[in-house]
Protein chains: 2
Amino acid sequence: MTVANRSPKRENLLQAARSLLHRQGLRATTLADVAVESGVPLGNMYYYFKTKESLAAAVIESRLGEMEESLTAAGQSSDPRARLENYLQAMLPLADQLARYGCPYGCLAQELVRMGGAIGRKGASLLEKQRDWLTAQFAAMGAGRRQAGELGLELQASMHGAIVLGLGLGDPEVIRVRLKALMTWIDGLDVREVGLAR
Amino acid sequence: MTVANRSPKRENLLQAARSLLHRQGLRATTLADVAVESGVPLGNMYYYFKTKESLAAAVIESRLGEMEESLTAAGQSSDPRARLENYLQAMLPLADQLARYGCPYGCLAQELVRMGGAIGRKGASLLEKQRDWLTAQFAAMGAGRRQAGELGLELQASMHGAIVLGLGLGDPEVIRVRLKALMTWIDGLDVREVGLAR
């Protein structure tokens, strides 16, 4: 990391870009928008980020780091079932924000993958990291490789779908209801009894 | 309906707008883009659609009509379980398109609700219509009012989540796997045994 990478101005720009990309998407955001939001003059900005692509790459790295942190936090328990419930529990207080702006990972990944190429793969990696972690918890609960993969995908789809509906219906309660239902499901799930994943 | 509403030029503009809004979203689409895509000169376009808002309203009406048609088609069976499976079955051949561009209802609703006001409520109405139909099928299967609502929301979230992952991971197979798993779930679901919806 260079000195420029650690500067407070770079950090302000990155935080502004994270927020704008979440609220309005990458396509609709200009470097000038980020400069205004951050309070860093546009002329200074080019010292840190010369293109929208380099800024988008920094936002993806930052979101990957944030997801890593939330997975590590949820993973503190020795019980995989509790780890999954921790992860869902941590999303509950974010329901209002998620219903207002959507999922910062899902929305970003969807927008990036549409752009294709290296940046599209970077976007997909956000969702892959989440899916792999969820799958690993079901495997640790005793599910076979294939079943763990199906359960991981099911839980991930259920979480993202709840956020789509919360945003699309304009109702954060939808997100809370679904997250609680998913916790109840995990709590009662016996992976040895599940023949076919739902 | 006026003569202008039934003209082939208006229909071309509407089809172009439907396609562009699905592929790139409302925000990123200009009236000029729609003119180019439709082959109707921009000067003529203003006769049919003077603002992006009026064009967006026509796209929403068209999507509502299309959803109504797909629900009616799925509803031909006398068995509510078969009606739900018909609906999911009809989505299967669309998996590639859904993984490429996302859900034409979910993406539109999410974008519109962010704009707020009357157009935001119109967007939400797309998802409300779908949710109410799904809920009605579970009620017809014998679920109580609250349970039917929870199951309807669960199925709707699962469908939309599958599309988010298909698009975000760039993998239509994710959508097919989840749709088939949901059909298996509906096939085996005994609503009298379900105490808490997942």
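Heavy atoms only: backbone and side chains are in, while hydrogens, waters and symmetry mates are out.
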Quick check: do [X] and [Y] have side-chain heavy atoms less than 4.5 Å from each other?
| X | Y | answer |
| --- | --- | --- |
| B:Leu167 | A:Arg114 | yes |
| A:Val113 | B:Leu169 | no |
| A:His160 | B:His160 | no |

Practice task
Output yes when a side-chain donor or acceptor of B:Arg178 lies under 3.5 Å from a complementary backbone atom of A:Ala157, and no otherwise.
Solution key: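 No, B:Arg178 side chain to A:Ala157 backbone: no donor-acceptor pair under 3.5 Å.
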Hey, quick one: are [X] and [Y] part of the same hydrophobic cluster, counting side-chain heavy atoms closer than 4.5 Å, chains of contacts allowed?
| X | Y | answer |
| --- | --- | --- |
| A:Leu179 | B:Leu153 | no |
| B:Leu31 | B:Val40 | yes |
| B:Tyr105 | B:Leu108 | yes |
| A:Tyr47 | A:Val34 | yes |
| A:Leu26 | A:Leu126 | yes |

Please flag which part of [X] lies under 4.5 Å from any non-hydrogen atom of chain B: side chain, backbone, both or neither.
| X | value |
| --- | --- |
| A:Glu111 | neither |
| A:Arg100 | backbone |
| A:Cys103 | neither |
| A:Val164 | both |

Handout entry: Atom pair OH/CD of B:Tyr101 and A:Gln110 - distance to nearest 0.5 Å
Key =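 One finds 15.0 Å between OH of B:Tyr101 and CD of A:Gln110.
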Exercise for the section: Starting at CE of A:Met159, measure out to CG of B:Leu165 and round the result to the nearest 0.5 Å. Expected result: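 So the CE of A:Met159 and the CG of B:Leu165 are separated by 9.0 Å.
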Problem - Selection from B:Glu128, B:Arg23, B:Gln156 maximising heavy-atom pairs under 4.5 Å formed with chain A - result: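 Going by pairs under 4.5 Å, I would pick B:Gln156.
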Problem - Among A:Ala28, A:Ser158, A:Gly170, residue most engaged with chain B (heavy-atom pairs, under 4.5 Å) - result: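 Heavy-atom pairs under 4.5 Å are most numerous for A:Ala28.
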